[in-house]
Amino acid sequence: MSLDAYLTIGIFLTTIVGLIRFQSRPALVFGVALLTLVGLNLVSKEQLLSSMSNPGLVTLVLLILCSFALEKTRLLRVIASKVIVNSYNSTWLRLFGITALSSAVLNNTAVVATLLSPIRNNPHHLASKLLLPLSYAAILGGTLTLIGTSTNLIVNSLYIDAQGQSLSFFSFTAIGTILVLACGLVLRAASRWLPEIEHKETCSKGYFIDAKVVKGSELIGRSVEDNGLRHLESLFLVEVVRSGRLISPVTPTEVLQLGDRLIFSGDITKVMQLSQFSGLEMFAEKNGLLDSNLTEVVVKQESVLIGKTLKGAGFRALFDAAVVAIRRDGEEVSGKLGEVVIKAGDFLMLAVGEDFKTRRNISKNFIVISGIEPETRINGHRAWLSIGGFILTIALAATGVIEMLQGLILLLGVMIFSQSLNVNEIVRRFPVDIWLIVSSAILLSHALVNTGVVELLAHWVNGVTDKEHLYLALILVYLMTWMLTELVTNNAAAALMFPIAYSIALGFGVDILPFVMTVAFAASGSFISPYGYQTNLMVYNAGQYRLMDFIRVGLPVSLVYATIVLIAVPIFFPF
């Protein structure tokens, strides 16, 4: 092998190690790989530019941008209102069916985020019995169409680069339908093992609220009982932090002192009750944002806040927002709010400033759950135009009347001119991470070809195996992709495994499509880890699940999913 080949293999393996080591920063890892490939002249300038403007990648980005307008309409909220009924069986079936069908054409994260609140607030069923099926239904629904999940579109981008043609809109539908039906039955049976976690609070309760007794407060020198702090509506004084010492539980006779931090837990919507007490200053109040709209967010796994305190991270400067309260996975967070170390999946209630919605780093760090500014909603003719235009574009592309890329370009233009979307919003929410991951993966594939690694791997496969080992190779590709998915997220797994699957197919001298489809389906098969897929992380905290809950319910689903894929792919896509 040449030196360039050794360098390329080293970059490929280092990228995998980097993704496992820095799971929350996949874009950074792929970005370093891209710069290294360019710096070592392992790829040409033409290949660099073509990777960044790959038709499949551009289609993926346009689809994400166009879906932003749909998120601003009432479409998903109307759908959500039809889900919950008295019967658990009926509710489960409605939830699974509606989520799977919606996820086939809409952004999975948006679908789950919209349904989270109605499920957590419903008066009929425990949220823990529904939220995990919600995430799994979104994952399964994403396998139904080419646009059902970003994973499919990423694989399609790489396929276009390798073959010069795109997968069809319905390439995934036959196998996807079998997966939805079979895995749905298994999931329904396994739902009996979901924990019964009693939510005594509504979706916005259970938050950790920090308020400080400041100079001149009428609370100083009086007991908790005398100050009326035991009679608040849906807010409970759980502890007092005094000079670094924690007082918990707080007795009615506890006399408050200057500088005491009062820690409340309860319904965040009742937080303004605390403003009636003179000299009781909340964490967000000193930032001048308490009168702003409250916005609930979930901290993403790749957020820059992970491992930092709110005070140490400079939260206000970063996001033009102040944290009013925090909630974590059902835990009782203790201590001063500003000194809490942030973890992935934490729920934060933010009081936001005027610049919050224009900050480009919001979507990179948070999943916004509720409390979006009213002006970001669209209704009337713009809502109908967005919904109708999206449905028409997908229908025309699915039937081959127009190409998906062409249709989405036209649709995005219509949405911008109709002001359903604005340029600032597009710039702020542009999916830079996905664009960087996919373009870097395509460039890495070029480097593997340029340096002869693909040819070498294909020759090695051809030399040590025969057609009798073909199916075994397919199983190996599935297992490798699935393991990477659970370790480093679905999109990164698909991007990394494509060139390996491509090389193996070449080595056997067979059509690459069975291996391509195996990578696509395996990369979407994240049912055991709460961190392999974004919707899993969302319900992990909202449902107060443990890792064992995912294993108990997800393992049988994962096994059935893998069995169907490995049986069905060679049937629908013969070698």
Side-chain angles (χ1 to χ4, degrees), residues 68 71-72 76-77 80 107 109-122 127 131 134-135 199-210 234-235 264-274 282-285 287 289-301 303 305-306 310 313 315-316 318-333 337 340 342-357 359 361-377 428-429 534-535 537-545:
F68 294 156
E71 294 175 24
K72 292 158 55 173
L76 288 174
R77 286 156 191 79
N107 181 276
T109 304
V111 173
V112 172
T114 303
L115 291 169
L116 267 179
S117 183
I119 291 174
R120 288 189 298 175
N121 281 332
N122 90 86
L131 288 175
L134 167 67
S135 179
H199 287 258
K200 296 180 180 180
E201 66 272 3
T202 63
C203 70
S204 55
K205 294 183 181 180
Y207 269 96
F208 165 89
I209 305 165
D210 180 0
S234 301
L235 287 180
F264 295 89
S265 178
D267 188 346
I268 191 64
T269 63
K270 310 297 184 183
V271 70
M272 294 308 294
Q273 292 179 86
L274 301 182
M282 277 174 281
F283 188 77
E285 192 169 18
N287 288 279
L289 292 175
L290 192 58
D291 293 334
S292 305
N293 290 339
L294 296 180
T295 299
E296 186 180 22
V297 300
V298 179
V299 179
K300 284 187 174 181
Q301 193 176 2
S303 173
L305 298 172
I306 303 300
L310 296 173
F315 196 95
R316 171 66 192 272
L318 277 175
F319 307 111
D320 190 31
V323 178
V324 177
I326 184 173
R327 180 165 61 82
R328 173 181 299 153
D329 196 16
E331 297 178 15
E332 292 184 1
V333 185
L337 184 59
V340 173
I342 300 300
K343 296 182 180 180
D346 281 352
F347 282 75
L348 304 179
M349 189 62 72
L350 307 181
V352 301
E354 293 181 359
D355 293 336
F356 175 81
K357 61 181 180 179
R359 294 288 173 99
N361 57 354
I362 300 303
S363 61
K364 296 177 183 178
N365 289 276
F366 306 117
I367 302 167
V368 179
I369 299 298
S370 62
I372 305 300
E373 302 275 358
E375 57 266 29
T376 65
R377 299 298 181 201
R428 176 170 57 88
R429 299 186 64 184
Q534 196 171 50
T535 60
L537 178 62
M538 294 169 69
V539 302
Y540 178 57
N541 291 278
Q544 298 180 15
Y545 295 113

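All values below were derived from every heavy atom in this structure, side-chain atoms included, with hydrogens, water molecules and symmetry-related copies excluded. Residues take their numbers from the sequence shown, with the count starting at 1. The structure presented is a predicted model; accordingly, all values stated were derived computationally and were not measured.
- Without hydrogens or angle criteria, D346 side chain to I326 main chain gives no donor-acceptor distance under 3.5 Å.
- Under the rule for a side-chain contact (heavy atoms from CB on, under 4.5 Å), the partners of V298 that lie at least two apart in sequence or sit in another chain are F347, I367, I369.
- Considering OG1 of T535 and CG of L131, their distance stands at 11.0 Å, rounded to 0.5 Å.
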Q: Show your working on side-chain contact (heavy atoms from CB on, under 4.5 Å) between F319 and L350 and close with a plain yes or no.
A: CA-CA 10 Å; F319 307 111; L350 307 181; 5.9 Å; no
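- Shown here are the ring-ring contact (aromatic ring centres under 6.0 Å, His included) partners of F68, two or more places apart in sequence or in another chain: there are none.
- Shortest non-hydrogen contact noted between K364 and K300 is O-CD, 3.6 Å.
- In terms of heavy-atom proximity, S303 sits nearest to V299 at CB-CG1, 3.6 Å.
- Distance check: F366 CZ to L305 CG gives 5.0 Å after rounding to the nearest 0.5 Å.
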Q.
Walk me through whether V112 and L134 qualify under side-chain contact (heavy atoms from CB on, under 4.5 Å).
A. CA-CA 7 Å; V112 172; L134 167 67; 3.9 Å; yes
